[in-house]
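In listed order, ligands and their atoms are each counted from 1. In this chain, residues are counted from 1 in sequence order.
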Amino acid sequence: MTRTRVATGEDAGAIARIYNEGIADRLATFETEPRTTDDIARGLRERGPRWPTVVVERDGGVIAWASASEYRTRACYSGVAEFSVYVARDARGTGAGREAMEALVRECESRGIWKLLSRVFPENEPSRKLLAKVGFREVGTYRRHGKLDGTWRDTVIVERLIGEAAR
Ligand SMILES: CC(C)(COP(=O)(O)OP(=O)(O)OC[C@H]1O[C@@H](n2cnc3c(N)ncnc32)[C@H](O)[C@@H]1OP(=O)(O)O)[C@@H](O)C(=O)NCCC(=O)NCCS
C-alpha cells in the first residue's frame, strides 16, 4: 500500500537517510557531505509552505521524497522551482520516483508554480528515464558545470511546464 503526502518536520530523519544514500552513490548530486536530521528540518522550515516537499510512504515507512525550492529571488521567476527527487536504494525501480514526482507536480500546481527545472548528470540514466516518463524535456547540457570529487562533470538541464504555463 503506497500513498503520497506533503512532508512534515517529523519526516526529516527519513528524508536525510534517503538523501544520504543518494549522496554516497555519487550519481545524483555534487553534494558530498551527509545531511543530518536537523539540516533537513531547517530546510523544510525555511522553504515553508510555498516550496513543498512530498514523501512517498509504503507499508507505513517513507521510501522516497521530492522537493521544490526557489529558483531565483527575482519576481519574474516567482513561479519557477528547482526540484530534487530521491528514492531509498532498496525501493528504486518500483514506481516510487514517479509517484513522488507526480505528487510534487500536483502540489506545485496548486501553489501557482508554472515550471519545474533541475540538472541531472548525463550518466544518471535512471533519473533521465524517470524524468522523460513524467514529461520533462532535456534543454541542453552545461559543460563542466562543477567538480565532484575533483573531476569536472557536465549536467543535463531538464524542465517541465506545469499549471497555467502548460495549458
Ligand atoms: C532516479 C530515481 C529517483 C528514479 O526513481 P525510481 O523510483 O527508481 O523510478 P521509477 O521506478 O518510478 O521508474 C520511473 C520510470 O523510469 C524508468 N526507470 C527508472 N529507473 C530506471 C533504470 N535504472 N533503468 C531504466 N529505466 C529506469 C522506469 O522504466 C519507469 O518507467 P515506467 O514506469 O514506464 O516503467 C532513483 O533511482 C533514485 O533515487 N536515484 C538516486 C537519486 C537520484 O539520482 N535522484 C535524481 C537526481 S537528478
Side-chain angles (χ1 to χ4, degrees), residues 1-7 11-37 39-40 43-44 47 51-72 80-109 113 115-149 151-162 166:
M1 165 81 178
T2 301
R3 73 172 187 133
T4 57
R5 59 173 173 78
V6 173
D11 298 310
I15 291 171
R17 176 177 44 78
I18 294 166
Y19 189 27
N20 289 339
E21 290 181 352
I23 291 172
D25 291 342
R26 294 294 197 270
L27 187 61
T29 173
F30 283 109
E31 299 297 330
T32 55
E33 287 299 314
R35 295 301 196 273
T36 65
T37 299
D39 293 334
I40 300 295
L44 288 169
R47 289 199 307 283
W51 306 105
T53 296
V54 299
V55 293
V56 180
E57 280 183 333
R58 189 173 290 158
D59 302 326
V62 172
I63 57 165
W65 59 269
S67 71
S69 58
E70 187 176 44
Y71 166 66
R72 295 278 193 276
V80 179
E82 304 231 23
F83 74 91
S84 299
V85 56
Y86 285 80
V87 177
R89 266 189 207 128
D90 61 6
R92 291 179 195 162
T94 65
R98 179 191 280 271
E99 289 196 49
M101 286 307 300
E102 287 172 352
L104 186 69
V105 167
R106 285 194 299 274
E107 291 299 329
C108 287
E109 285 183 325
I113 291 167
K115 177 184 287 197
L116 291 176
L117 60 78
S118 192
R119 291 155 305 282
V120 185
F121 289 136
E123 303 79 9
N124 192 348
E125 279 297 323
S127 182
R128 293 177 71 180
K129 291 262 168 42
L130 162 68
L131 296 172
K133 294 268 171 110
V134 296
F136 281 79
R137 172 177 90 90
E138 295 193 344
V139 178
T141 303
Y142 282 130
R143 295 194 55 234
R144 298 194 159 195
H145 205 48
K147 283 185 179 175
L148 179 59
D149 296 328
T151 302
W152 285 114
R153 300 290 292 268
D154 297 349
T155 57
V156 176
I157 309 153
V158 293
E159 71 167 7
R160 178 178 159 184
L161 298 177
I162 62 173

Suppose we measure from atom 7 (O) of ligand 1 to each protein heavy atom; which comes out shortest, and what is that distance?
Gly97 N, 2.7 Å
Minimum heavy-atom distance Asp154-Arg143, with the two atoms named
OD1-CA, 3.4 Å
Pairwise side-chain contact, Val80 with Glu159, heavy-atom cut-off 4.5 Å (strictly under)
no
So do Cys108 and Pro52 actually touch side chain to side chain, heavy atoms under 4.5 Å?
yes
I want to know if ligand 1 touches Asp25 in the polar sense, i.e. an N/O pair below 3.5 angstrom.
no
Within the structure provided, determine whether Val56 and Thr2 are in side-chain contact (heavy-atom separation under 4.5 Å).
yes
Before signing off on this row, confirm whether Val120 and ligand 1 have an N or O atom pair separated by under 3.5 Å.
no
Where is the nearest protein heavy atom to atom 21 (C) of ligand 1: which residue, which atom, and how far?
Pro126 CA, 3.8 Å
Is there a protein heavy atom less than 4.0 Å away from atom 23 (N) of ligand 1?
yes
For Arg17, what residues pass the side chain to side chain contact (heavy atoms under 4.5 Å, CB included) criterion, not counting sequence neighbours?
Ala14
Fit a plane to each ring of Tyr19 and Tyr86, take the angle between them on a 0 to 90° scale, and name the class: parallel (under 30°), tilted (30 to 60°) or perpendicular (over 60°).
perpendicular
Decide yes or no for Ile113 and Trp51: does some side-chain heavy atom of the first lie under 4.5 Å from some side-chain heavy atom of the second?
yes
Could you identify the single nearest non-hydrogen protein atom to atom 43 (C) of ligand 1 and state the distance to 0.1 Å?
Ala28 CB, 3.3 Å
Arg98/Glu102 ion pair, N-O < 4.0 Å
yes
In the structure I gave you, are the side-chain heavy atoms of Ile40 and Thr37 within less than 4.5 Å of one another anywhere?
no
Do any nitrogen or oxygen atoms of Thr94 come within less than 3.5 Å of a nitrogen or oxygen of ligand 1?
yes
Identify, for atom 12 (O) of ligand 1, the protein heavy atom at the shortest distance, and state residue, atom and that distance.
Arg98 N, 2.9 Å
Closest protein heavy atom (residue, atom, distance) for atom 18 (N) of ligand 1:
Lys129 CB, 3.9 Å
Give the residue and atom name of whichever protein heavy atom lies nearest to atom 8 (O) of ligand 1, and the separation in Å to one decimal.
Gly93 N, 2.7 Å
Only heavy atoms of Ala96, strictly under 4.0 Å: list the atoms of ligand 1 that pass.
7 (O), 12 (O)
Is the closest side-chain heavy-atom distance between Trp65 and Ile18 below 4.5 Å?
yes
Could you pull out, from Ala100, Ala88, Gly95, Ser127, the option with a heavy atom nearest to atom 10 (P) of ligand 1?
Gly95
To the nearest 0.1 Å, how far is atom 44 (O) of ligand 1 from its closest protein heavy atom, and which atom is that?
Asn124 ND2, 2.7 Å
Judged by non-hydrogen atoms, does Ser118 sit under 4.0 Å from ligand 1?
no
Give me the nearest non-hydrogen protein atom to atom 39 (O) of ligand 1 as residue plus atom name, then the distance to 0.1 Å.
Val87 N, 2.7 Å
Within a distance under 4.0 Å of any heavy atom of Tyr86, pick out the atoms of ligand 1 and give their elements.
39 (O), 42 (C)
Taking atom 29 (O) of ligand 1 as the point of reference, which of Lys133, Glu99, Arg92 owns the nearest heavy atom?
Lys133
Stepwise side-chain contact (heavy atoms from CB on, under 4.5 Å) check, Thr94 with Glu99
CA-CA 10 Å; Thr94 65; Glu99 289 196 49; over 6 Å; no
Does some non-hydrogen atom of Leu27 fall short of 4.0 Å from ligand 1?
no
